[in-house]
Number of protein chains: 2
Amino acid sequence: MNENARPLRRNEIRAQNEALILQAAETVFAEAGFGGATMQLIADMAGLPKANLHYYFATKEDLYRRVVQNIFEIWLHAADCFDNAPGPVEAIGAYVDAKMEISRRHPNGSKVWASEVMHGAPVIQDYLESTLRDWTAGRARLIQNWIDEGRMDPVNPDHLLYMLWATTQHYADFGHQIETLNGGAPLSDVQWLAAKESVKRIILKGIGAI
Amino acid sequence: MNENARPLRRNEIRAQNEALILQAAETVFAEAGFGGATMQLIADMAGLPKANLHYYFATKEDLYRRVVQNIFEIWLHAADCFDNAPGPVEAIGAYVDAKMEISRRHPNGSKVWASEVMHGAPVIQDYLESTLRDWTAGRARLIQNWIDEGRMDPVNPDHLLYMLWATTQHYADFGHQIETLNGGAPLSDVQWLAAKESVKRIILKGIGAI
DNA sequence: CTTCACCTTGACCATACGGTCAGGAAAAGA
DNA sequence: TCTTTTCCTGACCGTATGGTCAAGGTGAAG
């Protein structure tokens, strides 16, 4: 860090180090889980002494909480495309694209999120009960409208949303399994495109939107 | 354990205690992850002293390995319905039913499996590369045959399989999230049925099998 | 230059964890 | 009955972990 000679300003130091730590923490938490992650490992990966981590983040849980919150932001943001779309084909298509892109670009974030939820969401239960619940209810209403307008089959909106989450996040959370089945190589650009198209095609046709 | 007075025979003792420990271990590993789980916690949940765990399972990793292997057995067994079915509708329908039932009856097992894969499959990598790869290749060939016979759309068999895994396992791995969005209550019998039918309907229609 | 607030870090601490072991209890076999 | 094998467990050990702290370094403000 700070390879060039220019001394860093205060704000830069703080911002840069926090980002560095959060990045390293996301990786380590994703690879080892909360319990398996150690502050020492995160510190090594960030290239800082362990004590410095505790200067910026008081406890391991604080650090973890920040990591999870960051992911939740990204996660929610992906849903914007859902709102400004004229109909189910565009909305769901764009949503799948966005979430697949997240799975590809932020696989570690997705894993941390999955791990957190799997362990009973000890840290972000309140988010689930407020923000996520509201978001889900709103999108379910949107879907119901499309159904009422005859633009898609009468499917259960909740289960459709679960299906969208499941299929897209699977490519991040189970990326290692997919990679192994792909002969040990990560999916290529072409394969990612095929995955996206597969998911979109099957779901959109499955709900009678195309 | 051994509530009635009858003394247990050797074989019974061993079998009973191993089962007790494996059951407790599955729960704890699912709730806390490998790193977060402690032998003490597993021992408490099994109602045995910690030293007794190490009598039956030498190390924490041995115990974990056994838990994961048990799950893999169940997982693979669910695939039997795939083989003896006359066509895609029956095969995929039965497979979804079976996997949804596993998600409902063995949510902890599914979580441990997911956790293991998410962390790079340190313990069961060889299974992925042998048994699972073979299984997947065989099923993909089956699907390709159905496509060639014009019994379903020309979809990518691998991505279809991923979709089946993702959607069904989601109900176990993200069960807590679903429960929260369901007002804090577990899915009822009716809701589980609706979930199954939703998944089957969308996928089967989505691949042009119905 | 001086002062002050912020940043850095090696050394340290208490605790909790995985694992060991010796010695006793209980069942199986003779 | 006596012997052998298996099972049980409290007490213990070395280590690794999350977290603390005091002392020193460094950019900003006057």
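Letters go in sequence order (proteins before strands), and every chain restarts at 1. Just the heavy atoms: all of them, side chains too, but no hydrogens, waters or symmetry mates, feed the values below.
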Using atom [atom1] of [X] as one end and atom [atom2] of [N] as the other, report the distance to the nearest whole Å.
X        : N       : atom1 : atom2 : answer
Ile42(B) : dC17(C) : CD1   : P     : 12 Å
Leu63(A) : dG19(D) : CG    : C1'   : 14 Å
Leu48(A) : dG10(C) : CG    : C1'   : 15 Å
Asn52(A) : dG25(D) : CG    : C1'   : 13 Å
Glu18(B) : dC7(D)  : CD    : C1'   : 12 Å
Leu53(B) : dC17(C) : CG    : P     : 14 Å
Glu12(B) : dA26(C) : CD    : P     : 17 Å
Asp44(A) : dT17(D) : CG    : P     : 10 Å

- request: Among the candidates dT8(C), dC7(D), dT9(D), find the nucleotide nearest to the side-chain atoms of Asn17(A).
  value: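 The nucleotide sitting nearest to the side chain is dT8(C).
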
Could you work out, with side chain to side chain contact (heavy atoms under 4.5 Å, CB included) as the rule, every residue matching [X], not counting sequence neighbours?
X         : answer
Asn182(A) : Ala185(A), Leu187(A), Gln191(A)
Leu76(A)  : Phe72(A), Thr131(A), Trp135(A)
Pro157(B) : Ala140(B), Ile143(B), Gln144(B)
Leu41(A)  : Val28(A), Thr38(A)

Residue pairs passing the ring pair (Phe, Tyr, Trp, His ring centres under 6.0 Å) test where at least one lies in residues 39-68 of chain A, sequence neighbours excluded: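 Applying ring pair (Phe, Tyr, Trp, His ring centres under 6.0 Å) to every pair that reaches into residues 39-68 of chain A, excluding sequence neighbours, yields Phe29(A)-Tyr64(A), Phe34(A)-Tyr64(A).
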
Flag if over 12 foreign heavy atoms under 6.0 Å of CD, Glu61(A):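 No.
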
message: Let me check the geometry of the helix from dC1(C)-dG30(D) to dA30(C)-dT1(D). What is the bend angle between the axes at its two ends, five pairs each, to 10°?
response: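 Overall, the helix from dC1(C)-dG30(D) to dA30(C)-dT1(D) bends by 10° from one end axis to the other.
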
query: Are the side chains of Leu181(A) and Leu128(B) in touch, meaning some heavy atoms are under 4.5 Å apart?
result: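 No, too far: nothing below the 4.5 Å cut-off.
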
Show me the side-chain donor-acceptor pairs of residues 90-104 of chain B shorter than 3.5 Å, one per line, residues at least two apart or across chains.
residue: Glu90(B); atom: OE1; partner: Gly87(B); partner atom: N; Å: 3.2
residue: Tyr95(B); atom: OH; partner: Trp165(B); partner atom: NE1; Å: 3.0
residue: Asp97(B); atom: OD1; partner: Lys200(B); partner atom: NZ; Å: 2.9
residue: Asp97(B); atom: OD2; partner: Lys200(B); partner atom: NZ; Å: 3.0
residue: Lys99(B); atom: NZ; partner: Gln169(B); partner atom: OE1; Å: 2.8
residue: Glu101(B); atom: OE1; partner: Lys196(B); partner atom: NZ; Å: 3.1
residue: Glu101(B); atom: OE2; partner: Arg105(B); partner atom: NE; Å: 3.1
residue: Glu101(B); atom: OE2; partner: Arg105(B); partner atom: NH2; Å: 3.3
residue: Ser103(B); atom: OG; partner: Lys99(B); partner atom: O; Å: 3.4
residue: Ser103(B); atom: OG; partner: Thr168(B); partner atom: O; Å: 2.7
residue: Arg104(B); atom: NH2; partner: Asp189(B); partner atom: OD1; Å: 2.5

field: For Glu31(A), all residues meeting salt bridge (charged side-chain N to carboxylate O under 4.0 Å, His left out), sequence neighbours excluded
entry: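 Glu31(A) satisfies salt bridge (charged side-chain N to carboxylate O under 4.0 Å, His left out) with no other residue.
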
message: Under 4.0 Å, counting only non-hydrogen atoms across every strand here, what does Tyr56(A) touch: a base, just sugar-phosphate, or nothing?
response: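 Sugar-phosphate contact only - Tyr56(A) comes under 4.0 Å of backbone atoms but never of a base.
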
- request: State whether Tyr55(A) places a side-chain N or O below 4.0 Å from either non-bridging phosphate oxygen (OP1 or OP2) of dC7(C).
  value: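 For dC7(C), OP1/OP2 do have a side-chain N/O of Tyr55(A) under 4.0 Å.
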
- prompt: Between Asn11(B) and Arg14(A), which has a closest nucleotide on DNA chain C that is more 5'?
  reply: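 Taking each residue's closest nucleotide, the earlier one in sequence belongs to Arg14(A).
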
Just the table, please: protein N/O against nucleotides 18-21 of chain C N/O, every pair under 3.5 Å.
residue: dG18(C); atom: OP1; partner: Ala37(B); partner atom: O; Å: 3.2
residue: dG18(C); atom: OP1; partner: Lys60(B); partner atom: NZ; Å: 3.2
residue: dG18(C); atom: OP2; partner: Met39(B); partner atom: N; Å: 3.0
residue: dG18(C); atom: N7; partner: Lys50(B); partner atom: NZ; Å: 3.0
residue: dG19(C); atom: OP2; partner: Lys60(B); partner atom: N; Å: 2.7
residue: dG19(C); atom: N7; partner: Lys50(B); partner atom: NZ; Å: 3.1
residue: dG19(C); atom: O6; partner: Lys50(B); partner atom: NZ; Å: 2.8

